[in-house]
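Start at 1 and go down the list; that is how both ligands and their atoms are numbered.
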Amino acid sequence: MSGHTASHGPVAVVGAGPVGLTAALVLARTGVRVTLLESRETLATESRASTFHPSTLDLLDELGVSAALRRQGRTVDRVQWRDLDGVVHAELDYSVLAGHTGHPYRLHVEQARLTPLLLAELTATGLADVRFGTTVTGAEHIGGGATGGVRLRTEDAAGRVTVTRHPYVLAADGSRSRLRELAGLPGAAEEYPDYALRVVTGTPLDELVPGLAPLSYVRDARASFSALGMPDHWRLIFRIPRGTDRDAVLAPEAVRARVEQALPGAAGRAVRIAEAHTYRLARFLLPRYRAGRVLFAGDAAHLTSTAGGLNMNCGIHDAVETGRALAAVLRGDAPGEAALDTALERRRSVVETAVIPRSEARTAGLDSAAELPARLASLRRTAADPRSAVDYLIKASLLDVAPRPLKGDAHADLVSQAHR
Ligand SMILES: Cc1cc2nc3c(=O)[nH]c(=O)nc-3n(C[C@H](O)[C@H](O)[C@H](O)COP(=O)(O)OP(=O)(O)OC[C@H]3O[C@@H](n4cnc5c(N)ncnc54)[C@H](O)[C@@H]3O)c2cc1C
């Protein structure tokens, strides 16, 4: 690492969510010292993202955590579109992705299962100072050129203030990013016309509904929803028009009626509902992923509908690509800063051209009984044509826009250069 880096202290990563932890690990693995600042006292345990796409599993493999994650998850080998009468209109098998990824399947597992694995690997590098219960409350740029950096002000739970200096700060502090606000960047997200209702059941739905795939999209003029099989439960996700009163939607009898409509006959009645909750769906894209020496990644930089399960996956891709580019700058590689800018612009453009449109396409036209037959016919054509099926799954998995794992020599080179 270059001299100025050492004199300015380690890179600060703000936020110990999946994105901040991945970025910190990528940096530490290339020999960069990091300080990871997290306002919570422990890692988050809430149920949030549940889907890991093949592109993300390839990258997590490089970081040494995908095998342990897979052991805790449910491997999903096909995606299915069906109607309420049980007619399967289309089914795509992930095995067609063999040759495009080392993981031709998606993995259903809570994101809270990933973060402890990343933290353990990060700690094992010996290059990370991880500070829980530490909230960033101030950030200002100091100096310029090679000696420039950022002065961070943090506060612990007891109100004790600490000021530290860093050559760069990577802000992975989530959708309500304080760093974004401190940098004076816009942060207002645009809400979608629907919010999501998630119903959780421990009842094994695939035993009640013949042939139900662990990733099923029910598309029907009477009710459209997604069914996701997790290792120990199933989730049904419905889209609810934004004006609908949430208390009415969450009333136990309303949830029960919705589930019985979604799974007609005895199947609906046999479902034991464990919990139901709603969450908002919003779209946001930061105009630029950096403000001087503060770089943005993950939910701090972009949000989209949870349809397709892309946002966290894209955030992990941000962390890898930005982490690699920042490591190169700190090593003093020739195109350093320019390459970092290119990487950040590419990450932003992936959201604009792939993540947001693909997520929105997943649910477009579902509310129109007139459009539904054409959409189902198009999916049937995709499933019937092997090349279209591969293309569909590559795009759904972000394999065409994700950073690729560094193989053999390239990876060894990156690590050894960092230790020169
Ligand atoms: C219900 C739900 C379902 C979802 N399903 C999916 C899915 O299936 N697939 C998918 O890809 N995505 C999904 N998402 C989105 C996914 O959860 C997020 O994209 C992901 O958590 C983003 O990770 P992150 O690390 O950027 O942010 P976060 O996970 O939000 O982490 C940010 C961290 O920063 C910390 N922090 C914030 N401010 C400060 C500060 N000032 N100082 C220090 N620390 C700070 C926070 O405490 C937090 O730990 C879902 C989201 C929700 C809500």
Tell me whether [X] reaches ligand 1 (any heavy atom closer than 4.0 angstrom to a ligand atom).
X    : answer
A172 : yes
A44  : no
T154 : no

Distance-only side-chain donor-acceptor flag, [X] / [Y], under 3.5 Å:
X    : Y    : value
S66  : D61  : yes
H166 : T164 : yes
R106 : S397 : no
R331 : T30  : no

What residue and heavy atom of the protein are closest to [atom], and at what distance?
atom                    : value
atom 41 (N) of ligand 1 : V136 O, 3.2 Å
atom 37 (C) of ligand 1 : D173 O, 3.3 Å
atom 47 (O) of ligand 1 : E38 OE2, 2.6 Å
atom 44 (N) of ligand 1 : S39 N, 3.1 Å
atom 16 (C) of ligand 1 : Q111 OE1, 3.6 Å
atom 27 (O) of ligand 1 : G174 CA, 3.7 Å
atom 10 (C) of ligand 1 : M312 N, 3.3 Å
atom 5 (N) of ligand 1  : A49 CA, 3.3 Å

Suppose I only count heavy atoms of [X] and a 4.0 Å limit; which atoms of ligand 1 are within that range?
X    : value
Y279 : 1 (C)
R178 : 41 (N)
S50  : 7 (C), 8 (O)
G17  : 25 (O), 29 (O), 31 (O)
L37  : 43 (C), 44 (N)
R40  : 47 (O), 49 (O)
V14  : 42 (N), 43 (C)
G15  : 33 (C), 34 (O), 35 (C)

Practice item. Classify the ring geometry between H103 and Y105 as parallel (under 30°), tilted (30 to 60°) or perpendicular (over 60°). Key: perpendicular
Check your understanding: Aromatic rings W81 and Y392: how do their planes relate, parallel, tilted or perpendicular, breaks at 30° and 60°?
Key -> perpendicular
Exercise for review: Would you mind checking if R235 and E110 are paired as a salt bridge, meaning a charged N to carboxylate O distance below 4.0 Å?
Suggested key: yes
Point to revise | NZ/NE/NH1/NH2 to OD/OE distance under 4.0 Å, R404 and D58 | key: yes
Check your understanding: Can an N or O of A297 be found at a distance shorter than 3.5 Å from an N or O of ligand 1?
Key -> no
Cation-pi, [Y] ring and [X] (6.0 angstrom, 45 degrees):
X    : Y    : result
R246 : Y195 : yes
R293 : Y168 : yes
R113 : F52  : no

Revision key, fill the gap. On a heavy-atom basis, the closest approach of Y289 and L286 is CE1-O, 4.0 Å
Closest by any non-hydrogen atom to [atom]: pick that one out of [options].
atom                    : options                : result
atom 53 (C) of ligand 1 : E110, R48, H302        : R48
atom 22 (C) of ligand 1 : L179, I237, D299, N311 : D299
atom 25 (O) of ligand 1 : V19, V13, L228         : V19

Review point. Can you list every pair that meets salt bridge (Lys or Arg N to Asp or Glu O under 4.0 Å) and has a residue in residues 86-104, with sequence neighbours left out?
Key: R78-E91
